[in-house]
Amino acid sequence: MTVAAAQGAADSAASLVQSVDWLAIAPPALTAAVALIVLVADLFVPERRKPLLGALSIAGLAASLLLLLPLRAGDRSTFCLTADADVCSYTADHFTLVIQLLVLGGALLTALLSITELGGGRKLPPGEFWFLLLSSAAGAALLPAARDLATLVVALEVATLPAFALVGLKRGDRLSSEAALKFFLSSVTATAVMLLGVSFVYATTGTLHLTEIAGRLDDVPGKFETLASAGVALTLVGFAFKAAAAPFHFWVPDTYVGAPLPIAAYLSVVGKAVGFSGLILVTVIAFPSHSDVWGPAVAVLAALTMTVGNVAALRQSATRAWSAVRLLAWSSVAQAGYLLVPIAAAAYAGTDQIGSTVAYALMYAVVNLGAFAVAALVARTKPLNRLADYRALASERPLVALAMGFFLLCLAGLPPGIVGLFAKVTVFSSAVDAGLGWLAVVMAVNVVVALYYYLQWTAALFRAPETAEAPDSPATEPALKPVGPLAALRAPAPVLAAIGLTAAAGVALSGAPQLVLRFAAETLF
């Protein structure tokens with residue numbers, strides 16, 4: 001080989017070497033690193049010191065959140081093509097940072113709720129729990145930054161696979177095992193359909209990068225047009241499943257009931273963030289030329305999802321076991337329908353509508369995590385967690401009852417939950433602006449229907465406690481004593497901290513809801 005040939009080979013090899021922007025990938029990378037540290041440390045830490053693993057996990061999530069601050073300019077990308085530096089696999093733009101804030105913040109609050117559920121006589125093993133939670137959070141934080149279909153699929157599965165184990169982590173619990181199995185089987189089916197769609201898209205475009213797919217789908221030969229449209233539709237299935245959009249929602253109620261309550265809260269917020277961020281990326285960035293395919297489909301999914309969720313929530317009996325968790329589960333399905341509306345509107349009115357989904361997701365994450373935190377507190381003395389168990393909560397825990405009432409009113413979109421009202425108005429406006437009047441009407445009807453069960457639950461919090469006749473009282477003068485479910489309730493500090501943080505965030509956002517809208521507007525691509 002001549003010197004010139006050797007020099008040319010060296011230059012060619014050097015051109016294939018990519019520089020890595022470690023700061024851009026720091027939030028998910030640190031979360032994954034802490035997960036590995038926890039996994040190894042669990043082998044050597046004695047049982048009495050297992051709580052240190054929880055402290056390390058919380059510190060790692062907090063540090064990952066802090067690493068978002070240097071990235072706030074939203075102008076970093078890495079893992080780019082050597083031939084075209086504008087085509088990258090990882091982008092830390094404003095959309096990425098907002099979703100990572102939601103994901104890592106949700107994981108941090110989940111960790112706070114989980115501290116009292118681990119170790120001692122509990123059924124959840126600490127080491128495995130923290131490793132799985134951090135691993136899932138790392139995948140969820142990676143997904144909004146992914147800008148090619150391969151990274152999207154990998155991130156989606158990294159976020160989902162640990163969640164299966166988290167749901168079934170209650171050893172010896174039949175409901176937990178059944179919930180994990182249903183979750184696993186339905187998720188695998190959805191993933192298989194999504195991968196089929198990805199293969200169709202790759203076959204017709206010859207690339208996996210989202211921006212390049214967008215350009216090449218415009219020039220697909222006529223004989224491949226049907227294959228490309230099928231690929232677009234099938235690719236959406238996996239993300240619709242994670243977002244709990246009907247008809248891919250059937251796993252939600254049983255999974256939430258069988259999972260530990262902190263994990264149900266995690267799935268309701270972080271799981272949805274994963275699904276919706278994936279949907280936004282593939283529709284708005286990769287498939288804008290096929291908006292005539294996914295636009296009507298997402299609009300129908302939105303109408304069907306909110307209707308199914310609200311109708312099922314109405315049917316929950318106050319005395320049925322786990323009815324409170326089931327109502328929150330069906331409520332989350334209905335909320336997923338509202339979140340889908342701006343994505344459908346983006347097909348008709350452009351990407352400006354996506355900010356409405358992000359704003360609604362931020363509001364929903366804060367108040368839904370707060371509602372699950374209160375449910376976790378009540379479950380400590382009433383493990384069946386029925387709606388009836390919340391009656392007279394105000395007489396035992398007035399501040400907790402006020403917080404729960406505020407969370408429910410935010411979800412309903414009523415004052416003083418101003419941030420919930422603004423979020424719903426913004427979503428409603430996006431449908432109107434896109435010319436989807438029928439969808440706006442369906443949403444308005446569903447919002448009114450949802451008021452019934454939200455207000456009914458809120459009213460129960462402040463009702464007088466049920467009374468019963470004391471057995472040692474004279475029959476002529478019955479002595480009444482409270483039999484409220486929350487007598488002698490112990491309130492662990494981490495759970496109270498989670499309730500306080502979410503309530504404070506909700507109140508702050510209700511005082512200045514325009515901050516959420518302005519913040520969300522900056523996430524546009």
Side-chain angles (χ1 to χ4, degrees), residues 108-118 120 122 256-257 260-266 268-269 316 318-329 331 365-412 414-417 419-420 453-468 470 480-510:
L108 180 60
L109 287 170
T110 300
L112 285 176
L113 291 177
S114 304
I115 289 178
T116 58
E117 300 294 322
L118 304 172
R122 303 285 178 176
Y256 284 21
V257 168
L261 264 178
I263 299 307
Y266 177 83
S268 73
V269 172
Q316 299 308 308
T319 57
R320 181 185 179 185
W322 304 292
S323 56
V325 179
R326 286 187 178 276
L327 193 147
L328 286 174
S331 166
V366 169
V367 299
N368 208 61
L369 281 170
F372 268 102
V374 175
L377 183 63
V378 173
R380 295 183 66 82
T381 54
K382 291 293 180 180
L384 291 183
N385 222 320
R386 301 168 300 179
L387 288 168
D389 296 333
Y390 291 77
R391 178 165 179 162
L393 175 61
S395 65
E396 297 289 340
R397 293 282 179 185
L399 293 180
V400 173
L402 284 173
M404 185 62 169
F406 175 72
F407 298 143
L408 293 173
L409 291 177
C410 282
L411 290 171
L414 291 176
V419 65
Y453 59 81
Y454 284 130
L455 290 178
Q456 189 178 47
W457 194 352
T458 304
L461 300 172
F462 302 95
R463 284 180 183 156
E466 293 180 354
T467 57
L480 301 181
K481 63 178 182 180
V483 293
L486 300 173
L489 179 66
R490 293 178 296 171
V495 177
L496 289 180
I499 296 172
L501 286 172
T502 51
V507 170
L509 294 177
S510 291

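All heavy atoms count here, side chains included; hydrogens, waters and symmetry mates do not. Keep in mind the model is a prediction, meaning the values are calculated, not measured.
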Chemist: Any chance you could measure Q316, atom CD, to W322, atom CH2, to the nearest 0.5 Å?
Modeler: 13.0 Å
Chemist: What are the two closest heavy atoms between G405 and L461, and how far apart are they?
Modeler: N-CD1, 3.6 Å
Chemist: Would you be so kind as to tabulate the donor-acceptor pairs closer than 3.5 Å made by side chains of residues 492-501, with sequence neighbours excluded?
Modeler:
none

Chemist: Measuring only between side-chain heavy atoms, which start at C-beta, is M404 closer than 4.5 Å to V378?
Modeler: no
Chemist: Taking side chain to side chain contact (heavy atoms under 4.5 Å, CB included) as the test, write out the residues that go with A376, two or more places apart.
Modeler: L261
Chemist: Rounded to the nearest 0.5 Å, what's the gap from CG on L393 to CG on L377? Could you check?
Modeler: 8.0 Å
Chemist: Is there a donor-acceptor pair under 3.5 Å between the side chain of S323 and the backbone N or O of L387?
Modeler: yes
Chemist: Taking the side chain as every heavy atom from C-beta outward, state whether Y390 and T458 have any atom pair closer than 4.5 Å.
Modeler: no
Chemist: If we ignore hydrogens and angles and just use 3.5 Å, is the side chain of D389 paired with the main-chain N or O of L384 as donor and acceptor?
Modeler: no
Chemist: Please list all pairs passing the side chain to side chain donor-acceptor pair (under 3.5 Å) test where one or both residues lie in residues 367-378, with sequence neighbours left out.
Modeler: S268-N368, Y364-N368
Chemist: Ignoring hydrogens, what is the shortest heavy-atom contact between A394 and F462? Give both atom names and the distance.
Modeler: CB-CD2, 3.5 Å
Chemist: Partners of A111 by side chain to side chain contact (heavy atoms under 4.5 Å, CB included), sequence neighbours excluded?
Modeler: I58, L61, W130, L133
Chemist: With sequence neighbours left out, write down each residue that passes side chain to side chain donor-acceptor pair (under 3.5 Å) with Y256, or none if nothing qualifies.
Modeler: none
Chemist: Write down the atom of A505, the atom of V366, and the distance for their closest heavy-atom approach.
Modeler: CB-CG1, 3.8 Å
Chemist: Which atoms form the tightest heavy-atom contact between N385 and A379, and what is the distance?
Modeler: ND2-CB, 3.4 Å
Chemist: Could I get the full list of side chain to side chain donor-acceptor pair (under 3.5 Å) partners for S331, not counting sequence neighbours?
Modeler: Y454
Chemist: According to side chain to side chain contact (heavy atoms under 4.5 Å, CB included), who are the partners of P416, at least two apart in sequence or on a separate chain?
Modeler: F406, L409
Chemist: What distance separates F372 CZ from L109 CG, expressed to the nearest 0.5 Å?
Modeler: 13.5 Å
Chemist: Any chance you could lay out the side-chain contact (heavy atoms from CB on, under 4.5 Å) test for W457 and L328, step after step, and finish with the verdict?
Modeler: CA-CA 11 Å; W457 194 352; L328 286 174; 3.9 Å; yes
Chemist: Grab the two heavy atoms, one from G417 and one from C410, that are nearest each other, plus how far apart they are.
Modeler: CA-SG, 3.4 Å
